[in-house]
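Quick note: numbers below take in every heavy atom, side chains included, and nothing from hydrogens, waters or symmetry partners.
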Amino acid sequence: MVFVPGFLGSRLRRNGQDVWARCGEQLIGSAAAALTEVALPPGLGDAAPEGPFRLAADALLEVPDSVPGLLSCMGYPDIRAALADPLEAQFVPFGYDWRLSHRLVARQLKARVARELDRWRAEVDAYYPDRTDDPRVILVCHGTGGLIGRHYLEREDGRETARTLVTLGTPQQGLVQAARLLAGHAIPGDAGPGADGVARLNETLRDWALNLPAVVEMLPWYYAVRVEGKSRERGITDNRYPVPGLPGEAVREALAFREEFRAACDENRRVGPLPYTVHCLGSVDFPSPEALVLSFDGSRITDSLPGPGDGTVPRRSAVADWTGTDPMLWTGFRDTDLASGPALRDAMLAIRAGRPPGGTLAGEEGIALHLPRDPVAAGHPFVIDLLGHDLPRRNLRTVMWRSGRTDRHPVVFRQYQPDRYRAEMEAAPGRWVVEALVDRPKGRDRRIVTVVAS
């Protein structure tokens with residue numbers, strides 16, 4: 001079983017030091033040139049970086065992390081248990097440099113799978129002496145890791161080695177957040193840090209992300225653009241209303257990546273149906289960025305529109321239409337929690353046994369946190385809303401902690417409407433996790449809020 005994490009899901013290190021963690025803290029602290037150490041050179045394409053741009057990525061992320069305006073990752077401290085406790089000899093966590101082209105990482109995955117399969121074939125009889133089939137791969141991919149996994153299967157001959165592909169909250173059709181980030185509007189101008197702080201953050205993030213092939217390849221390919229006063233939905237390739245600030249070269253690179261994958265799928269289908277099964281876990285229970293809105297003349301990005309999804313990936317992007325089947329398993333979990341035990345364990349027990357996991361998977365029951373999606377300013381209050389039925393009778397516990405720290409701080413909610421509760425908080429700069437837990441029935445929700453220096 002090979003686990004492929006998503007964007008942010010591997011630690012980026014140099015000389016044993018977590019470089020991304022250091023840069024992320026500098027970004028939150030509004031330091032100049034905060035992301036210099038994790039930058040890539042222009043025009044890298046599908047090549048591997050050399051010299052000072054090269055970073056090691058051999059360990060999974062274990063604490064929550066985020067890129068403001070793009071996405072978050074809760075880390076994978078218990079991923080082996082969530083995957084139903086495969087044997088240590090069977091479990092392969094695949095760390096990789098998430099800045100790089102998905103094509104390049106898919107080739108790296110191919111080489112790793114080949115080595116691990118050779119090793120397992122030499123060992124398998126000691127564990128399963130009565131087996132009746134040859135070892136094959138179960139590929140479990142979280143978030144954008146699914147873009148790598150599917151590329152490996154369809155473009156790098158991985159379909160010859162695979163038994164099952166499981167994707168968890170994968171943006172099959174891309175993310176509108178990537179378009180906003182590359183256009184310099186990842187964070188709205190009215191967000192907490194104020195106009196000057198937002199402008200600095202957006203400029204820093206855009207300059208960094210423009211040279212990251214992985215972010216370019218996340219651009220959305222469903223109709224993710226609206227124009228004020230117009231009823232027609234549009235895509236980022238629309239020539240009449242191009243997204244202001246989004247470089248045409250980035251759009252062309254993303255289009256080439258998409259078309260290459262689609263062409264491989266079409267060619268493989270002419271040979272026959274998929275030789276592996278596909279299960280895609282997603283959600284439609286949480287508001288998710290679905291479209292960006294342009295001014296009536298197309299000169300400015302003015303707003304974002306939400307749609308049903310998992311909090312990061314809207315339903316329109318979650319559906320894996322490239323499979324030619326209906327592989328969706330709808331859950332009640334956010335994208336950041338789809339790789340957790342409550343979301344995944346029962347499904348993986350069924351998949352590993354060769355049984356269908358079912359068309360709908362139960363999620364956390366009746367509890368949802370709503371935090372600011374955009375960064376807030378240190379020293380300024382922000383509001384957290386909590387929705388759920390009869391929470392005081394269900395032993396509600398709510399805490400908040402800074403990512404990477406162990407000390408927990410209680411969060412006191414007050415009811416302001418039936419089944420609606422609110423807390424007002426302040427925090428020092430950092431990435432803060434808010435968690436709500438209830439019993440009878442058990443439920444949990446977790447969110448990340450980024451607090452930046454004001």
Side-chain angles (χ1 to χ4, degrees), residues 1-6 76 79-94 96 102 105-143 145-170 172 261 264-265 267-269 271-282 320-329 331 338-339 343-359 361:
M1 182 179 297
V2 179
F3 176 70
V4 183
Y76 310 103
I79 188 60
R80 187 174 161 196
L83 296 174
D85 289 308
L87 295 171
E88 184 174 355
Q90 282 182 289
F91 176 54
V92 180
F94 175 70
Y96 65 93
H102 295 119
V105 180
R107 292 196 292 269
Q108 295 172 345
L109 177 60
K110 177 180 181 178
R112 178 70 181 276
V113 168
R115 292 197 305 270
E116 298 293 345
L117 262 182
D118 286 345
R119 174 190 59 78
W120 180 241
R121 286 182 180 124
E123 300 174 358
V124 65
D125 287 339
Y127 297 95
Y128 300 104
D130 299 326
R131 65 186 178 90
T132 58
D133 57 359
D134 290 330
R136 297 178 74 83
V137 175
I138 296 177
L139 199 61
V140 183
C141 307
H142 182 228
L147 304 181
I148 295 163
R150 73 182 196 182
H151 202 84
Y152 156 67
L153 293 171
E154 296 296 309
R155 278 286 299 173
E156 297 293 336
D157 301 321
R159 64 202 324 260
E160 304 304 323
T161 67
R163 186 177 109 191
T164 304
L165 169 68
V166 181
T167 66
L168 314 171
T170 289
Q172 306 282 352
F261 174 72
C265 290
E267 179 66 26
N268 290 333
R269 297 307 166 270
V271 176
L274 286 177
Y276 54 90
T277 58
V278 182
H279 305 289
C280 301
L281 276 66
D321 59 354
W322 59 271
T323 64
T325 64
D326 181 13
M328 300 307 301
L329 304 172
T331 81
L338 281 169
L344 191 55
R345 185 177 175 85
D346 288 346
M348 289 307 303
L349 284 170
I351 289 168
R352 289 176 58 193
R355 302 191 307 267
L361 302 177

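- Between Y96 and G145, the shortest heavy-atom contact is OH-CA, 4.0 Å.
- In this structure, NE2 in H102 is found 13.0 Å from CZ in R107, a value given to the nearest 0.5 Å.
- Evaluated for a side-chain contact (heavy atoms from CB on, under 4.5 Å) with T167, the options Q172, R150, M328, H142 yield exactly one hit, Q172.
- Atoms CG and CD1, on L153 and I148 in that order, are 12.0 Å from each other to the nearest 0.5 Å.
- The side chain to side chain contact (heavy atoms under 4.5 Å, CB included) check on T164 picks up I138, V166, T277, H279, I351, with sequence neighbours excluded.
- For the side chain to side chain donor-acceptor pair (under 3.5 Å) condition, the pairs that include at least one residue of residues 80-93, sequence neighbours left out, are D85-R345, Q90-Y128.
- Side-chain contact between P93 and I79 is absent, with no heavy atoms from C-beta onward closer than 4.5 Å.
- Separation of atoms CG (L344) and CG (L338) is listed at 8.5 Å; rounding is to 0.5 Å.
- For D130, the salt bridge (charged side-chain N to carboxylate O under 4.0 Å, His left out) test picks out no residue, with sequence neighbours left out.
- Summarising the geometry of Y76 relative to G6, their closest heavy-atom pair is OH-N, 3.2 Å, with the distance given to 0.1 Å.
- Take D346 and apply the salt bridge (charged side-chain N to carboxylate O under 4.0 Å, His left out) test, not counting sequence neighbours, and it matches no residue.
- Between P86 and L83, the closest heavy-atom pair is CD-O, 3.6 Å.
- For the side chain to side chain donor-acceptor pair (under 3.5 Å) test, no residue two or more places apart in sequence or in another chain qualifies with R115.
- Applying the side chain to side chain contact (heavy atoms under 4.5 Å, CB included) rule to D321 yields the partners Q173, R262; only residues at least two apart in sequence or on another chain are considered.
- Within the model, atoms CD of E154 and CZ of R269 stand 4.5 Å from one another, a figure rounded to the nearest 0.5 Å.
- For R155, the side chain to side chain contact (heavy atoms under 4.5 Å, CB included) test picks out H151, E260, A264, with sequence neighbours left out.
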Item to check | Residues F94, V105; criterion side chain to side chain contact (heavy atoms under 4.5 Å, CB included); working and verdict | outcome: CA-CA 10 Å; F94 175 70; V105 180; 3.7 Å; yes
Next on the checklist: The test is side chain to side chain contact (heavy atoms under 4.5 Å, CB included); show your working for V2 and L109 and say whether it passes.
Outcome noted: CA-CA 9 Å; V2 179; L109 177 60; 4.0 Å; yes
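- Side-chain contact between T161 and Y152 is present, with heavy atoms from C-beta onward closer than 4.5 Å.
- Scanning both residues, A320 and C280, for their nearest heavy atoms gives CB-SG, 3.7 Å.
- Heavy atoms only, all atoms of each residue included: R163 and R352 are closest at NH2-O, 3.0 Å.
- Remark: R159 CZ to N268 CG distance equals 4.0 Å, nearest 0.5 Å.
- Evaluation of the side chain to side chain contact (heavy atoms under 4.5 Å, CB included) rule for C141 yields V4, L139, L165 as partners, not counting sequence neighbours.
- Applying the ring pair (Phe, Tyr, Trp, His ring centres under 6.0 Å) criterion to F261, with sequence neighbours excluded, gives W322.
- Not counting sequence neighbours, E160 has no partner by the salt bridge (charged side-chain N to carboxylate O under 4.0 Å, His left out) test.
- D118 meets the side chain to side chain donor-acceptor pair (under 3.5 Å) test with no other residue; sequence neighbours excluded.
- The salt bridge (charged side-chain N to carboxylate O under 4.0 Å, His left out) search around R119 returns E116, E123, not counting sequence neighbours.
- Minimum heavy-atom separation, A162 to Y276: O-CB, 3.7 Å.
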